[in-house]
Each structure stands twice: as structure tokens, then as C-alpha cells.
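Worksheet: one structure, shown below.
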Number of protein chains: 2
Amino acid sequence: MDGLIERFAKMESAGVPTLGRRPHIVIVGAGFGGLTAAMRLKPAEADVTVIDRRNHHLFQPLLYQVATAALSPADIAAPIRGILAGQGNAHVVLGEVTGVDVAGRAVLLGERRIPYDQLVIATGARESYFGHDEWGAVTSGLKTIEDATVMRRRVLMAFERAEDSDDPEERRRLLTFAIIGGGPTGVELAGALAELAKAALARDFRRIDPTTARIVLIEAGPRLLPSFPPRLSEVAERDLARLGVELRLGAKVMRCDDCGAELEDGRIESRTLIWAAGVAASPAARWLGIEPGRGGRVPAGPDLTVPGHPEIFVIGDTAEVAGPEGTLPGVAPVAKQEGAYVARVVTARLTGKPPPPAFRYASIGNLATIGRRAAVVDFGWLRLTGRLAWLVWGIAHIYFLIGFRNRMTVAIDWLWSYLTYQRGARLITGDNARMSPASIQSNRASKP
Amino acid sequence: MDGLIERFAKMESAGVPTLGRRPHIVIVGAGFGGLTAAMRLKPAEADVTVIDRRNHHLFQPLLYQVATAALSPADIAAPIRGILAGQGNAHVVLGEVTGVDVAGRAVLLGERRIPYDQLVIATGARESYFGHDEWGAVTSGLKTIEDATVMRRRVLMAFERAEDSDDPEERRRLLTFAIIGGGPTGVELAGALAELAKAALARDFRRIDPTTARIVLIEAGPRLLPSFPPRLSEVAERDLARLGVELRLGAKVMRCDDCGAELEDGRIESRTLIWAAGVAASPAARWLGIEPGRGGRVPAGPDLTVPGHPEIFVIGDTAEVAGPEGTLPGVAPVAKQEGAYVARVVTARLTGKPPPPAFRYASIGNLATIGRRAAVVDFGWLRLTGRLAWLVWGIAHIYFLIGFRNRMTVAIDWLWSYLTYQRGARLITGDNARMSPASIQSNRASKP
């Protein structure tokens with residue numbers, strides 16, 4: 001009898017109701033991690049509620065293609081409700097989480113409480129400016145669909161304003177694009193911007209020559225793509241240089257303002273600064289009232305639960321999970337594997353089976369693309385560069401895009417871009433889409 | 001000699017420089033009319049400057065498909081610079097015209113002056129609320145890409161808020177969509193909204209049943225599609241009723257507010273009012289300092305010039321042009337034929353040839369679609385309804401969409417929608433894309 005009480009207490013502590021109530025699993029965030037967890041819980045005898053502040057799941061690795069006018073927002077986003085429509089035990093709540101009542105086991109959305117038995121926090125990360133939050137106002141980030149359309153507008157507007165300007169210095173500033181951060185996002189943006197300027201826009205202007213645009217890629221470390229093997233970094237550096245991208249390695253940014261960036265060894269005059277450097281985890285640690293780890297992440301135990309709280313899991317960019325070479329990076333495959341693992345743990349608990357062994361990330365490789373003909377791919381056992389790597393990259397990304405329709409239109413948009421050097425989605429939209437002195441100013445000053 | 005002076009004076013008056021200077025044709029507005037005129041002037045020995053406040057040409061007849069989440073903005077828009085890239089004599093200026101110095105022959109963009117020899121005004125129309133401008137704040141219009149994404153957001157958000165609401169009356173209001181105006185835009189929106197609710201979203205919610213949504217189409221006149229033959233109006237009414245759209249014919253709107261519309265014979269409670277009723281021409285008449293005609297249009301002479309100003313043309317929705325059955329309607333084919341005609345007049349002047357005969361519109365028919373399987377088509381000599389009309393409509397619209405890429409992706413998006421009843425572009429984006437009490441309020445109150 002004592003054994004039973006103990007077992008019941010342990011079950012309750014791990015978020016498994018013992019009174020015949022149907023368990024409720026709440027997942028906050030419908031990114032790669034959260035969505036994978038939700039989908040893997042389809043057969044579970046439990047209610048699964050997915051909360052997100054956006055109505056769509058976003059295929060973030062291709063966001064830079066929206067920002068550089070190659071793809072449309074809808075090509076890389078799919079409505080969460082649509083993805084889970086056929087999953088009877090799944091519920092979707094569109095709302096912004098403001099906190100977690102850990103003791104009372106409820107997620108808070110302002111006044112509203114959503115009780116849970118087990119909670120999965122998969123809320124991702126946002127830009128971090130290394131203590132210089134004011135840089136956020138003068139740089140463009142790339143985390144949401146809106147970020148991407150804002151960046152697209154700023155980039156296209158810079159060419160328009162250069163065409164319009166009679167001041168040669170201002171023209172140069174407008175035709176200089178400085179990207180801060182030499183990780184995959186920075187590398188891919190630099191390549192795409194170089195091609196936008198040097199091919200897609202080449203014939204469209206009469207007073208300026210877009211092919212003279214300067215694309216500067218700034219990296220504080222000694223090489224690009226620090227998470228890749230050094231040889232692939234070299235290839236990426238060579239390929240980018242071939243596209244005309246100017247590399248500034250080992251260059252630390254000291255200051256950003258609305259007409260340039262100050263490096264340790266000089267200043268780059270630019271009207272378009274792009275931030276691809278640091279990220280910090282979402283405020284999950286604050287919600288849970290625990291001390292955040294590296295980059296604001298929540299330290300996770302070997303089963304991805306929060307120490308002391310077997311009923312709370314953290315995954316993806318929110319979680320600090322130890323890997324063979326330090327903390328696992330904030331990339332989609334990590335988040336997806338963590339989401340799948342959590343679903344296994346939850347299912348084991350609900351069915352009374354023994355839990356799976358501790359989480360281990362099985363690396364499926366690193367990919368980054370450099371413009372339309374080159375990429376670097378690192379599978380560990382196989383390293384590819386050049387055209388073949390580009391093909392592998394393209395197939396992998398189309399394959400992983402959620403939804404058949406997206407795959408079709410992305411494939412067509414790419415084929416079209418590839419064959420013609422044109423860009424399909426060159427729209428300047430939004431509140432500041434019109435050309436007026438006021439709009440130009442607010443275009444710089446406000447971040448939506 | 002006197003004859004020569006007279007001829008020169010006449011040439012100068014018509015905007016043909018007599019001093020060997022290269023003539024400058026300025027076109028304001030890159031809609032169907034302005035763009036056609038610019039493209040037809042490709043062989044002309046003249047500089048052609050196209051001014052638009054947006055960087056893209058918009059295929060407005062399909063805007064309702066963006067608003068109802070079937071197409072992406074970039075599917076129906078193409079950058080003006082890209083369209084004219086290969087036309088050596090064409091220049092594109094992104095800017096907002098604030099007035100015209102008629103005596104000094106210059107277009108004004110704030111402080112900036114762009115001198116012209118001949119001017120084509122093709123600035124289109126915007127919503128008109130019959131003297132109730134305050135209705136603009138509580139209804140959604142459909143003229144620009146932003147209008148369409150705002151309408152898409154409001155419609156999708158209404159379902160989200162209904163799912164979220166515990167108040168049955170508020171739910172009913174949220175699930176009621178009232179469209180004011182039974183012309184082609186209103187009819188097409190009603191059909192598309194009915195299908196969005198009854199097919200695409202049908203399985204996506206857990207607490208509400210989207211198929212119970214009420215779509216109400218309000219028309220002040222006695223029948224839908226007043227510009228079509230009465231038999232086609234009947235077919236459209238029958239087809240819409242079959243889709244579950246509620247028709248209110250002969251119903252005049254007395255008042256719009258943020259939770260409904262008051263008709264003469266009762267009130268419709270709705271959180272989503274859509275304005276598809278009246279339009280008024282852009283402020284061209286004010287720029288020219290002349291008395292506007294019907295709907296704010298500028299009365300045009302038989303050669304589409306402004307009386308007393310042979311150097312100024314007005315075309316498209318900006319112009320009041322007499323046709324066999326009253327003023328020509330504000331539709332794309334009229335604007336395109338007028339643009340082509342103006343190019344002929346200008347070319348004749350520049351080459352010293354006799355001017356073409358007075359403009360005559362050659363009707364190519366009227367089309368309107370009702371959901372995904374029906375349409376009405378009136379070619380005058382041929383009237384089609386049902387599935388065949390839908391096919392004709394689809395082919396015509398894809399054919400006329402500018403740009404190969406757009407044709408491809410629109411075709412695929414349609415095929416996809418048709419086969420699956422799904423919507424490809426169901427994104428809630430923009431400043432109010434997140435679900436919070438504040439955003440909901442501002443979602444209603446502010447019009448971007």
C-alpha cells in the first residue's frame with residue numbers, strides 16, 4: 001500500500017493524473033521543437049494544447065530568402081491549425097504567454113490561465129545585442145516574417161533612395177550593406193544580397209549601377225561559419241569573395257548608428273545594417289523563476305526536464321543541453337530531435353512504461369548556401385562544396401518544408417530565380433512602403 | 001512662314017518640343033493604364049518617366065484572392081522597374097505626386113519638380129464612403145496589397161477570436177462577415193469567404209464550427225452585378241446562395257460601426273465589415289484645378305486629353321470617358337485600351353503624323369467568379385455560366401497576369417486550392433498579428 005501511494009505521488013509529480021482524469025500536455029511555441037513534440041503525441045491518450053502568439057509555423061532557415069526577395073512569406077510558413085487539423089487530440093491557442101504559475105501548474109496568458117499536467121517550453125530565441133539594446137533600433141534582425149519583409153523593404157528602398165540621391169557620399173552609404181555576424185545566417189544573407197544587387201537588379205536603374213553595391217560581412221571571430229570544419233569556412237570565404245562580398249574577419253563591432261558601424265579598425269558607412277550576430281533565449285527562465293544559463297537558456301537535465309520539475313520540459317533554442325562538443329547549437333535539427341524525444345518521455349510516462357535513455361543528439365550535418373550556385377555541407381562523414389552542395393542543400397530544404405504546396409512553389413520560385421537571375425517577390429510593402437521624406441526617416445528609426 | 005510659326009505654336013502647345021530637345025513624356029501611376037501607355041511608347045523617340053508611389057504594379061482584379069488567403073501578395077504584383085528594365089527610354093521614379101504645375105508643365109513631388117512636355121495621369125481611384133468618411137475606420141477596403149493583407153488578418157483573426165470567446169453573441173458577431181457592395185469585387189469576395197469558412201477552415205477549430213459562419217452580401221440596387229446582363233445577375237445570385245451566402249438586395253446601408261451595419265430594414269451584427277461599394281477618383285482634378293465630374297473623375301475629351309490642355313491626358317479610373325452606355329466603367333480593359341490609345345496619340349504627334357480617330361472602347365466582356373467552381377462571363381456575343389465560365393475566367397486572368405513567374409505560381413496555387421480546398425497563404429501578419437486584448441482593439445480601430 002505504501003508502495004502504491006509512493007508510486008501515485010511520483011506519477012502526480014511527473015504530471016500523470018492518477019484520478020482517471022485525461023492528462024493535459026501544454027506546449028508553448030510552435031517552432032520546430034514544439035510542433036514536432038505535438039505531432040509525435042498524436043497517438044497519446046491526452047489532450048495536447050499548442051500555444052503560439054503567431055498563427056503560423058515558420059521555416060526559419062529560409063527566412064533570409066524572403067528578406068532578399070526570392071521567396072514569398074507564405075512559401076515558408078504554414079498555419080499551425082492547418083498542420084494539426086487532422087490530429088483529434090490537438091488544440092491550438094493563439095495567444096501570448098506572459099508567465100507560468102509553476103506551483104499551480106498553469107500557463108498564464110494575461111488574465112487567462114491554461115492548466116497543464118506536463119508542460120513543454122519551446123519558445124525559441126530572439127536577437128541579443130551584447131548589452132547594446134539600442135543597436136536594435138538601427139539594425140535589421142531576422143526572426144519573424146515581419147522582420148523579413150521589413151528587411152526586404154529596407155534593402156529595396158536603399159536602392160531606390162540611392163537612385164534618387166544627388167549626394168555621392170549618401171549614395172555610397174545607401175549602396176553599402178553591412179552584415180554583422182558570420183554564422184550561417186550572415187553567410188547566406190551576404191550571398192543572396194550580392195546576387196540581388198549584381199544580377200537581379202542590375203538593369204533596373206538608370207542613375208545608379210546596382211552592381212557597384214558593397215556587401216560587407218563582419219565577423220568578430222577569425223573565420224566564417226565557426227561551427228563548421230575550418231576547410232569549409234575557407235571554401236565559404238572564397239565563394240563569397242568570388243561573389244564580390246567584402247569580408248572583415250576578426251573585426252569586432254564597437255558601435256552601430258543610423259549611418260554605419262564602427263569596427264575596431266575603422267568605420268563602415270552604411271545605411272543598411274543587418275544583425276545576424278547574437279541571439280538570446282526567450283524569457284522562459286524568468287517565467288520559471290530560475291537562474292538562466294548561457295545566452296539566457298534554461299539548463300535542462302538529461303531527460304530535457306527542468307531540474308526539480310519533472311513535469312516541465314525545455315527544448316530547442318530555449319534549452320541549454322549538453323552535447324559532445326559543448327552546448328548543442330540553436331538549429332532546427334536539434335529542436336526537432338528534442339521535440340521527438342520529449343514526446344517519447346511523455347508517452348512512456350502516460351503508458352507506465354520505463355522512460356527512454358537520456359537524450360542524445362544525432363548530428364545530421366551542417367549546411368550553408370552561398371548564392372545560387374555554391375554551398376558548404378558537412379555531414380561529418382562527408383563534406384561537400386560547390387554546385388553539388390548547393391543541390392543537396394536545396395533538396396534538403398524543400399524536403400523539410402512543411403506542406404506539399406510550399407514545396408511546389410518554393411521549387412518553382414527557385415527554378416525561376418536560377419534560370420533568370422530574377423527575383424519573384426520584389427515588393428516594398430508596409431506602412432513605410434511609399435517614398436516620402438517622412439517615410440524614409442521613420443523607415444530608419446522605427447523597428448516594428 | 002506664318003504657317004510655320006502657327007504649326008510650331010501648335011506643336012509646343014501639344015507638348016512636342018520644336019527646338020530639337022528630346023521630348024519628355026511623364027506618366028503618373030503604373031496601374032493597367034499607365035503601364036500600358038509606357039510600354040507602348042517603347043519605340044518612341046522620347047524619354048518616358050513613370051512615377052508611382054509604390055514600387056510594384058498590382059494585378060488588382062485578383063486582390064480579393066490575397067484577402068481571402070488563396071494567393072500571396074507577390075503572386076499578383078510585379079516590380080515596375082523589372083517590367084520596364086529592358087525599355088531603354090523608360091525611367092521609373094518611386095515617389096508621391098503632390099500636385100501639378102500646369103502652367104509651368106511640371107509634376108510636383110513635394111519640393112521636387114519633374115518637368116514634362118506631355119503628361120499622362122493614370123492615378124486610379126480609392127474608396128468613397130458616400131460622404132461618410134468615418135466608415136473607412138470600421139470597414140476594410142481593397143485597393144492595395146496592404147489592404148489585402150489587413151483584410152486577410154482581420155478575417156482570420158475573427159475566427160481566432162471566436163474560438164477564444166465565451167460569449168455566444170460576440171461569437172456570432174465574429175463569425176458574421178458583411179460585405180457592402182454587390183459589384184464584381186463584392187461578389188467575388190463573398191464567394192471566396194464562403195469557401196474559406198466552409199471548406200478551408202472547416203476542420204481547424206475545436207470550439208467553433210467555421211462552417212456556421214454567416215456571409216452577408218449587401219447591395220443597395222435591385223440586383224447583383226449591375227453592369228452585367230440581368231440573366232447573369234440571376235445566375236450569380238443563385239450560385240452565391242448555393243454557397244450559403246445571404247443576399248440583401250435593395251438594402252441601403254445607413255450606418256457602419258465597429259460591431260455592425262445598420263440597413264434600412266434592420267441591423268446586421270458583425271465584427272468584420274468589408275467595403276466594396278463606392279470608389280472616387282484620385283485627386284487629379286484638384287491637381288489640375290478643374291471641376292471634377294462624376295465620382296471625382298476628370299472629364300476627358302474624345303482624344304482623352306483634358307479640355308484646353310492638349311498636353312495632358314487622363315486615363316483609367318481617373319478619367320470620365322463617354323461610352324455607348326454612359327461613362328466607361330473603372331475596369332482594367334478600359335484602362336489598358338486608353339493607355340494604348342494615348343501612346344498612339346503621342347507617337348503620332350512626335351512623328352508629325354495625323355492623330356488617330358477619337359477613342360472608342362472595344363468591350364472584351366465582363367467576368368466575375370463565384371467561388372471555385374462557378375463564374376459568369378459576358379462577352380456580349382457569348383454568355384457563359386458555371387464551371388466552363390470559371391475555366392475561362394481562370395485562363396483569362398492567368399494570361400493577363402504580368403510576368404511568367406506569376407503565371408506559374410498562380411496556376412499552382414489555384415490547382416492546389418482546387419484539389420484540396422486548402423488555402424496556401426493563410427498568414428496573419430503585421431503589427432497586430434499577435435493575439436492580445438490591445439491588439440484586438442487596435443485591430444478594429446486603426447486602418448493602416
Side-chain angles (χ1 to χ4, degrees), chain A residues 53-56 69 71-75 77-79 81-82 84-86 90-96 109-111 144-146 149 156-157 160 163-164 200-201 203-207 403-406 408-409 412-413 416 420 422-431 433-437 448, chain B residues 53-56 69 71-75 77-79 81-82 84-86 90-96 109-110 144-146 149 156-157 160 163-164 200-207 403-406 408-409 412-413 416 420 422-431 433-437 448:
Chain A
R53 55 190 184 182
R54 312 308 302 265
N55 85 321
H56 50 270
L71 294 178
S72 275
D75 293 340
R81 287 193 192 286
L84 296 174
H91 307 255
V92 178
V93 172
L94 181 65
E96 181 134 20
L109 292 82
E111 298 292 291
T144 67
I145 284 283
E146 283 80 11
T149 52
L156 295 175
M157 268 300 201
E160 295 288 344
E163 171 89 350
D164 216 45
L201 297 180
R203 300 192 313 152
D204 281 11
F205 293 85
R206 299 289 179 262
R207 303 176 66 205
F404 165 81
R405 180 228 173 228
N406 288 349
M408 290 282 284
T409 47
I412 283 182
D413 281 355
W416 171 244
T420 64
Q422 289 304 309
R423 297 279 163 154
R426 259 170 53 206
L427 299 190
I428 301 178
T429 56
D431 291 348
R434 296 178 185 174
M435 190 82 164
S436 73
Chain B
R53 56 190 184 184
R54 312 307 301 267
N55 86 322
H56 50 270
L71 294 178
S72 274
D75 293 339
R81 289 193 191 285
L84 296 173
H91 308 255
V92 178
V93 172
L94 182 65
E96 180 134 21
L109 291 82
T144 67
I145 284 284
E146 282 80 10
T149 52
L156 295 175
M157 268 301 200
E160 295 289 345
E163 171 89 351
D164 217 44
L201 298 181
R203 299 191 313 154
D204 282 11
F205 293 85
R206 298 288 178 265
R207 303 176 65 207
F404 164 80
R405 180 231 172 224
N406 286 348
M408 291 279 285
T409 46
I412 282 179
D413 280 355
W416 171 244
T420 64
Q422 289 303 309
R423 298 279 160 154
R426 258 170 54 206
L427 299 189
I428 300 177
T429 57
D431 290 349
R434 295 177 186 173
M435 190 82 165
S436 73

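Just so it is clear, the model here is predicted, and its values are computed rather than measured.
Here the straight-line distance linking atom CZ of A:Arg81 with atom CG of B:Leu156 works out to 10.5 Å at 0.5 Å rounding.
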For this session: Evaluate side-chain contact (heavy atoms from CB on, under 4.5 Å) for B:His91 paired with A:Arg207, printing each intermediate quantity in order.
Result: CA-CA 9 Å; B:His91 308 255; A:Arg207 303 176 66 205; over 6 Å; no
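Contact of A:Leu84 with chain B is made through the backbone alone, with heavy-atom distances under 4.5 Å. Proximity to chain B is limited to the side chain of A:Glu163, based on heavy atoms less than 4.5 angstrom apart.
Here the closest non-hydrogen pair linking A:Ala85 and B:Asp204 is CB-OD1, 3.0 Å. Across all their heavy atoms, B:Glu160 and A:Asn55 have their closest contact at OE2-CB, 4.4 Å.
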